[in-house]
Amino acid sequence: MESCYRYSVAVFSWLCVFSILVVFFISAQFNSFVSFSASKLESPEPKLELQRIVSTPDQIRAVSFSESTDHQHINRPRNTTVIFQRKRKKPSREQVLEQGLARARASIRSAATARNVTVTFENDDDVPVGDVYRNPSAFYDSYVEMERRFKVYVYTEGELPIVHDGPCKEIYTIEGRFIHEMEHGAKRFRTNDPGHAHVYFMPFSVTWMVKYIYKPLSYNVSPLKQFVSDYVKVVSTKYPFWNRTHGADHFMLACHDWGPHASQGNSHLYTNSIRVLCNANTSEGFNPQKDVSLPEIHLNGGFLSPKLLHPPLPNVSRPHLSFFAGGLHGPIRPFLLQHWKGRDDEMQVFEYLPKDKDYYSYMLQSKFCLCPSGYEVASPRIVEAIYSECVPVILSEHYVLPFSDVLRWEAFSVQVETTAIPRLKEILLGIPEEKYRKLQEGVRAVRRHFMLNQPSKRFDMFHMILHSIWLRRINARLG
């Protein structure tokens, strides 16, 4: 009995030991299994590395996932570079326009460096050449870029006669002619979609403001300023374009002496907008960096005198050294008349030309035509002198000459300080004949740029004015 008991105890002890071993073994295997499984389920924490391997804006920089161990992959080969393709965003209209202008600027800069004119169109007889241009190549390239790209939106707001109309004859001819050409003739440049425009034209006439809303002899320009203020308010409320740039891509045009005063009706128009003005006086706020000097033209009855259509050939003698006839307007003319009126047969200077004398005949028979400023800096005599191929003598102060971004006025005119008026004959006689011939040749070369044509022609006055506006829109300098 005792032996059986001992046997049972021994068996029981072995069973306990065996059970403990089995439990220990199973527990170890389970932990190993759990540890392995967990390592399979947990995703490794990636390390992001931005690589500058893509330069186009349509792709995002590549991202590579570097793993910490060789066996921890997520169904992807090691060191794989993934490139995420961003969906191309369609550029806005404004961006498209600015990109085009940037290409134009790049082309003009390239042409300015080359200095050699590259003809864009076959049989192009309009290519500018000669010393009268600051940079013929840059000018030609800029002009062609303007023809290719430039779009103007003309605001339709406003009522006749002050808006969409202007004088087309007599002293302020250019004001009405430009408005009419822009409204009815410039199909290449005008767009009816304001979203496609580079600039916006406000087609009011300051001359007609003076005629219809100014009280004569009051010298009160407030009605003009108020009209301009109201017009800007209308277009800036109806359209988003003015507010987008504070008027920097808008322009007005005025040949009346009070054009600068009218532009003060809106502060942004005065300081930001492109003001195309005959009264281009830097001492009165004209800014040649953004404003445009407008040539003043006096067309009697709206037509150029037949005498000026075909000026005499260069070898035809001109018996008079110089010529001037005009009233006592402003501070310079009285000084001129005081020293030279009726004092010298070679210096044909009149206050008012006798009725038996012809104004244009005198111009055509004179080597130099005196062009003193009147009340304002501009004078129609400059353009009349160019028409008659008489070398202009500029007697003015603070005047920015028209198209001086492109033209070298010293190559076809003589500029004399007003203080030197008493020595005027001495100065003119001191110009060698060879130089005079060169100046006259320059006048003949630039004549086409001051011609008003109906319909307008390439490189004529209308297109030169438009080109001056184009230069300010693209912020280009051709000098």
inquiry  = Quick check against the 3.5 Å criterion: does Ser293 have a side-chain atom that pairs as donor or acceptor with the backbone of Val400?
reply    = yes
inquiry  = Is the ring pair Phe450/Phe403 parallel, tilted or perpendicular, if the boundaries are 30 and 60 degrees?
reply    = tilted
request  = Using only heavy-atom distances, determine whether the side chains of Lys367 and Ser322 contain a donor-acceptor pair under 3.5 Å.
outcome  = no
query = Any idea which heavy atoms bring His196 and Leu97 closest together, and the distance?
reply = O-CD2, 3.7 Å
ask   = What orientation do Phe335 and His339 show, parallel under 30°, tilted 30 to 60°, or perpendicular over 60°?
value = perpendicular
inquiry  = Under 3.5 Å, is there a donor on one side chain and an acceptor on the other for Tyr155 and His250?
reply    = yes
query = Would Glu147 and Arg458 pass as an ion pair if we require N to O under 4.0 Å?
reply = yes
task = Using atom types as modelled and distance alone, determine if a side-chain donor or acceptor of Ser137 lies under 3.5 Å from a backbone N or O of Ala111.
result = yes
request  = Verify, without hydrogens or angle tests, whether Glu346 (side chain) and Leu321 (backbone) share a donor-acceptor contact under 3.5 angstrom.
outcome  = no
Ring centres under 6.0 angstrom apart (His467, Phe150) = no
request  = Verify the ring-centre separation between His449 and Tyr133: is it less than 6.0 angstrom?
outcome  = yes
Distance-only side-chain donor-acceptor flag, Ser229 / Asn266, under 3.5 Å = no
query = Closest heavy-atom contact between Ala104 and Glu145?
reply = CB-OE1, 3.7 Å
ask   = With the threshold set at 4.0 Å, does a side-chain nitrogen-carboxylate oxygen contact exist between Arg437 and Glu434?
value = no
query = With the threshold set at 4.0 Å, does a side-chain nitrogen-carboxylate oxygen contact exist between Arg447 and Glu441?
reply = no
task = Could you tell me the separation between the CD1 atom of Ile174 and the CG atom of Leu299, rounded to the nearest 0.5 Å?
result = 8.5 Å
message = Any side-chain to backbone donor/acceptor pair from Ser236 onto Val232? Under 3.5 Å, distance only.
response = yes
key: Shortest non-hydrogen separation from Ser396 to Tyr399 and the atoms involved   = OG-CB, 3.3 Å
query = Would a distance-only check, ignoring hydrogens and angles, find a side-chain to backbone donor-acceptor pair under 3.5 Å from Asn453 to Pro455?
reply = no
query = If you take all heavy atoms of Pro312 and Glu389, which pair is closest and at what distance?
reply = O-OE1, 4.0 Å
ask   = Salt bridge between Arg244 and Asp249, side-chain N to carboxylate O under 4.0 Å?
value = yes
inquiry  = Between Phe324 and Trp340, is the ring centroid distance below 6.0 Å?
reply    = no
key: From Arg149 atom CZ to Ile474 atom CD1, the distance as rounded to the nearest 0.5 Å   = 10.0 Å
message = Tell me the closest heavy-atom pair linking Pro334 and Leu328, and the distance in Å.
response = CA-CD2, 3.8 Å
query = Is Asp344 paired with Lys425 through a side-chain N to carboxylate O contact shorter than 4.0 Å?
reply = yes
note = From the list Thr419, Thr418, Thr282, side-chain hydrogen bond (donor to acceptor under 3.5 Å, both in side chains) with Glu397 holds only for Thr418
ask   = Can a donor-acceptor pair be found between the side chains of Tyr359 and Glu384 at a distance below 3.5 Å?
value = yes
query = In terms of side-chain heavy atoms, does Asp257 have a donor or acceptor partner in Asn279 at a distance below 3.5 Å?
reply = no
query = Between Ser263 (side chain) and Pro260 (backbone), is there a donor-acceptor pair under 3.5 Å?
reply = yes
task = Determine, using ring centers only, whether Tyr360 and Tyr387 are less than 6.0 Å apart.
result = no
message = Treating Arg318 as the side-chain partner and Ser366 as the backbone partner, does any N or O pair qualify as donor plus acceptor under 3.5 Å?
response = yes
ask   = Is the Phe368 to Tyr436 ring centre distance short of 6.0 Å?
value = yes
query = When you check the side-chain N and O atoms of Glu175 and His256, is any donor under 3.5 Å from an acceptor?
reply = no
Asp405/Arg472 ion pair, N-O < 4.0 Å = yes
key: Side-chain H-bond candidate by donor/acceptor type, Ser222 with Asn220, under 3.5 Å   = yes
inquiry  = Between Ser283 and Asn281, is there a side-chain donor-acceptor contact under 3.5 Å, judged purely by atom types and distance?
reply    = yes
task = Can you see which heavy atom on Gly302 is nearest to which on Arg177, and at what distance?
result = O-NH2, 2.6 Å
task = Check whether any side-chain N or O of Tyr214 sits under 3.5 Å from a backbone N or O of Tyr219 as a donor-acceptor pair, and report yes or no.
result = yes
request  = Would you please indicate yes or no on a ring centroid separation below 6.0 angstrom for Phe201 and Phe178?
outcome  = yes
key: Whether Arg148 side chain and Tyr143 backbone form a donor-acceptor pair below 3.5 Å   = no
ask   = Does the cation-pi check pass for Arg275 over Tyr270, that is, NZ or CZ under 6.0 Å from the six-membered ring centre and within 45° of its axis?
value = yes
ask   = Do other residues, nucleotides or ligands put more than 12 heavy atoms under 6.0 Å from Glu159 CD?
value = no
ask   = Does His463 offer a backbone N or O that forms a donor-acceptor pair with the side chain of Asp460 under 3.5 Å?
value = yes
request  = Answer yes if the side chains of Ser142 and Trp470 hold a donor-acceptor pair under 3.5 Å, and no otherwise.
outcome  = yes
ask   = What do you reckon, are the aromatic ring centroids of Tyr239 and Tyr200 less than 6.0 Å apart?
value = no
